[in-house]
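Just so we're clear, the structure is a prediction, and the values are computed from it rather than from any experiment.
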Amino acid sequence: DAGDQQVPAGLSYNFGLAGLFIFVPSCVAGSFLLSTYIIPSLWRQGVITNASWLERRYNAAMRQWGAWLQMLQRTVVMASAITGMAFLFQYIVGTEFWEGVLLAVAISGFMTIMGGMFAVSASEIYTMVLGIFFGWTTLFYVIGAIGWDNFWNVVWPEVRFTTFGRDIVAGLPNWLTIMGLFLICFPYSIINQEYVAKSLSASSEWQSRLGLMIPNIPLWIAWVMPFSILGIIGRFVYPPGSFTGPADQVLFFFMRDVLPVGLVGFAVASFVAASADIGGTADTVSSLFTIDFYRRFIKKGAPESHYVKVGRIVTGIVLVIPVVWIPIQRALPFVAGLYIALTGALIGVIVIPYIVGPLTTFFSRNSAIIGCLAGAFIYGLPVSVIIPRFFPDIAKTIPAWMSHSWYVPFWTFGITFLTMVIVSLIENKIKGRIPAEELKDVVVVGRPETLKASDINNILTKRAISANIIGGVKI
């Protein structure tokens, strides 16, 4: 989406080539795990949302944890994407900030209302083609503007893994810090319902896996690399302190100061195409609310048309949330930062149950929710959210390798996994392991048997029922 154009530039502005090595490997690794054995588990279960799978594999509490945290976080992500679009219109088109916000909401709302698989597919194709063209063309224009000699003699020597010869976190090795940043970005590709929904729309398990994995490696590299190098150049053209605001705005400065008018049009078009993903995020939040909460607890067994109607209403409401959230974010940055930190600390640990769940029947039903609670409340929330914001004197006494936000994932993920192992040992000892038959289509790795024709028929039947399709006719 539009954020994936800005974020690589901002990361590389601050951290040099490390920005590229954070973004690409984390997205590729997450997509690889998701397509290799997590998507097959979801596809065989015939689920529509990844949170629904959490209940199949673990329990209902884990499903609600996954669904609500995604809803809370994705609305903030949507607000950030709209903010980026507003800044684009402000710098390039000359609109006021709030005019840009309303314009971004209107564009994404239109794409959402138009809807349909064709609109989703078309917008992603436009985003990919225009985004890659915009990134590489801008890079060559910028290099030409500063001079190739300056690029090779001044900028290129600084394009190195060690981030301009300085420590990212003072006193700690950069390679370890980059691993922490990798762990922060890594869960995105796995726990994101948007990725899952697009994959599960395929007509077969193989297509579901292939459609997710094949495009991601070349696309992420072709997409992210030019924006990352632009971020590195931006540090020299627009040095720190020469402008206010986040580093990823350097991309807009290049568009404003370097690109000819015609190419600025392509740049704006790539952002407009990417804004369709804002509507995709709204649809994601709507589906999670409708399927995992409304249909699960409020109104069971209603006609499918009823849930479609509810989903449309919720989508419209979700599209309005950024208009409310952005003023809060700008007027009360402490409150906004606290909200983002809270949801981030709570949602990241979910990646562990997603990864280990399809591997083996060892992990018990209650292990996931207890493990996530332990990882988040024993370490994540106190160390990265509560202590630094409300007890700053205590925060100063905690070493960076324990307290810095980029090192917290080492501890929270480790505590979550270890707790899941301990709880599973205890629960399996008391109750016995979950019968293999119950997890036949959930655990897909390490199974000695292969799928039989009857298994495939059962899977296809589940998916047909889930989609309310009989004989090819939707009912």
Point to revise | Intermediate values then yes/no, side chain to side chain contact (heavy atoms under 4.5 Å, CB included), Ile317 and Phe289 | key: CA-CA 12 Å; Ile317 294 172; Phe289 176 85; over 6 Å; no

Review point. Got a second to check how far Ser189's OG is from Ile38's CD1, nearest 0.5 Å?
Key: 10.5 Å

Review point. Nearest 0.5 Å, what's the CG-OG1 distance between Leu102 and Thr95?
Key: 10.0 Å

Practice item. Please assess Met71 against Gln193 for the test side chain to side chain contact (heavy atoms under 4.5 Å, CB included), listing each intermediate value before the final yes or no. Key: CA-CA 10 Å; Met71 285 189 274; Gln193 166 63 20; over 6 Å; no

Check your understanding: Between Ile190 and Gly30, what is the shortest heavy-atom contact and its length?
Key -> CG1-O, 3.6 Å

Review point. Under 3.5 Å, is there a donor-acceptor pair between the side chain of Thr137 and the main chain of Phe134?
Key: no

Exercise for review: Give a yes or no answer on whether the side chain of Trp65 reaches the backbone of Leu346 with a donor-acceptor pair at less than 3.5 Å.
Suggested key: yes

Check your understanding: Are any non-hydrogen side-chain atoms of Val142 and Leu230 less than 4.5 angstrom apart?
Key -> yes

Exercise for review: Determine, using ring centers only, whether His306 and Tyr294 are less than 6.0 Å apart.
Suggested key: yes

Practice item. Check step by step if ring-ring contact (aromatic ring centres under 6.0 Å, His included) holds for Phe87 and Phe252. Key: CA-CA 8 Å; Phe87 281 126; Phe252 300 144; 7.2 Å; no

Exercise for review: Report yes if the distance between the aromatic ring centroids of Phe243 and Phe253 is under 6.0 Å, otherwise no.
Suggested key: yes

Exercise for review: Answer yes or no: is there a side-chain heavy-atom contact under 4.5 Å between Tyr407 and Leu176?
Suggested key: yes

Exercise for review: Please check if the side chain of Ser12 supplies one atom and the backbone of Ala9 the other of a donor-acceptor pair under 3.5 Å.
Suggested key: no

Practice item. For Phe182 and Ala29, work out which heavy atoms get closest and say how close. Key: CZ-CB, 3.9 Å

Practice item. May I ask you to test the Phe377-Val349 pair for a side-chain heavy-atom distance under 4.5 Å? Key: no

Check your understanding: Does the side chain of Thr75 come under 3.5 Å of the side chain of Trp325 through a donor N or O and an acceptor N or O?
Key -> no

Exercise for review: Verify the neighbour count for atom CZ of Phe89: are there more than 12 heavy atoms of other residues, nucleotides or ligands below 6.0 Å?
Suggested key: yes

Practice item. Please list, chain by chain and in numerical order, all residues satisfying side-chain contact (heavy atoms from CB on, under 4.5 Å) with Glu96, sequence neighbours excluded. Key: Glu99

Revision key, fill the gap. Note: Gly344 and Gln73 closest approach over all heavy atoms is CA-NE2, 4.1 Å

Review point. Val169 and Trp401: side chain to side chain contact (heavy atoms under 4.5 Å, CB included), yes or no, with the steps?
Key: CA-CA 9 Å; Val169 177; Trp401 56 271; over 6 Å; no

Point to revise | Distance-only polar pair, side chains of Gln70 and Asn50, donor-acceptor under 3.5 Å | key: yes

Check your understanding: So do Arg389 and Leu338 actually touch side chain to side chain, heavy atoms under 4.5 Å?
Key -> yes

Practice item. Heavy atoms only: give me the nearest Leu288-Ala51 pair and the separation to one decimal. Key: CD2-CB, 4.2 Å

Check your understanding: Side chains of Thr138 and Leu259: does their closest heavy-atom pair fall under 4.5 Å?
Key -> yes

Exercise for review: Calculate, to the nearest 0.5 Å, the distance between atoms OG1 and CH2 belonging to Thr177 and Trp175 respectively.
Suggested key: 9.5 Å

Check your understanding: Going from CD1 on Ile191 to CG on Leu34, what distance comes out if it is rounded to the nearest 0.5 angstrom?
Key -> 11.0 Å

Review point. Does the side chain of Trp68 reach to within under 4.5 Å of the side chain of Phe293, using non-hydrogen atoms?
Key: yes

Study note, to complete from the structure: residues 247-258 vs side-chain hydrogen bond (donor to acceptor under 3.5 Å, both in side chains), sequence neighbours excluded, gives Tyr91-Gln249, Tyr238-Asp257

**Study point:** Crowding at OH, Tyr339 (>12 non-hydrogen neighbours, <6.0 Å)
**Key:** yes

Exercise for review: Give a yes or no on whether the backbone of Ser287 and the side-chain of Thr290 come within a donor-acceptor separation of less than 3.5 Å.
Suggested key: no

Point to revise | Any donor-acceptor pair under 3.5 Å from Arg56 side chain to Gln45 backbone | key: yes

Check your understanding: OG1 of Thr416 to CG of Leu373: how many Å apart, nearest 0.5 Å?
Key -> 9.0 Å

Practice item. Would you check if the side chain of Tyr58 reaches a backbone N or O of Ser367 as a donor-acceptor pair within less than 3.5 Å? Key: no

Review point. Given side chains that start at C-beta, do those of Leu381 and Leu342 come closer than 4.5 Å, heavy atoms only?
Key: yes

Practice item. Report, as yes or no, whether the 6.0 Å neighbourhood of atom CZ on Arg296 holds more than 12 heavy atoms from other residues, nucleotides or ligands. Key: yes

Review point. Taking side chain as C-beta onward, heavy atoms only, is Met420 less than 4.5 Å from Ile370?
Key: no

Review point. Who are the salt bridge (charged side-chain N to carboxylate O under 4.0 Å, His left out) partners of Arg63, not counting sequence neighbours?
Key: Glu55, Asp292

Review point. Closest approach of Gly357 and Trp53, non-hydrogen atoms and distance?
Key: CA-CH2, 4.0 Å

Review point. With ring centroids as reference points, do Tyr13 and Phe236 lie under 6.0 angstrom apart?
Key: no

Practice item. Identify the heavy atoms of Ser405 and Ile184 that sit nearest to each other, and give their distance. Key: O-CD1, 3.7 Å

Practice item. For side chain to side chain contact (heavy atoms under 4.5 Å, CB included), just list the numbers for Val224 and Phe227, CA-CA rounded to whole Å, side-chain angles, deciding distance to a tenth of an Å, and then say yes or no. Key: CA-CA 5 Å; Val224 172; Phe227 295 117; 5.8 Å; no

Exercise for review: Compute whether any side-chain donor of one residue and acceptor of the other, for Ser52 and Thr49, lie under 3.5 angstrom apart.
Suggested key: yes

Point to revise | Atom pair CZ (Arg57) and CG (Leu42), whose distance is rounded to the nearest 0.5 Å | key: 12.5 Å

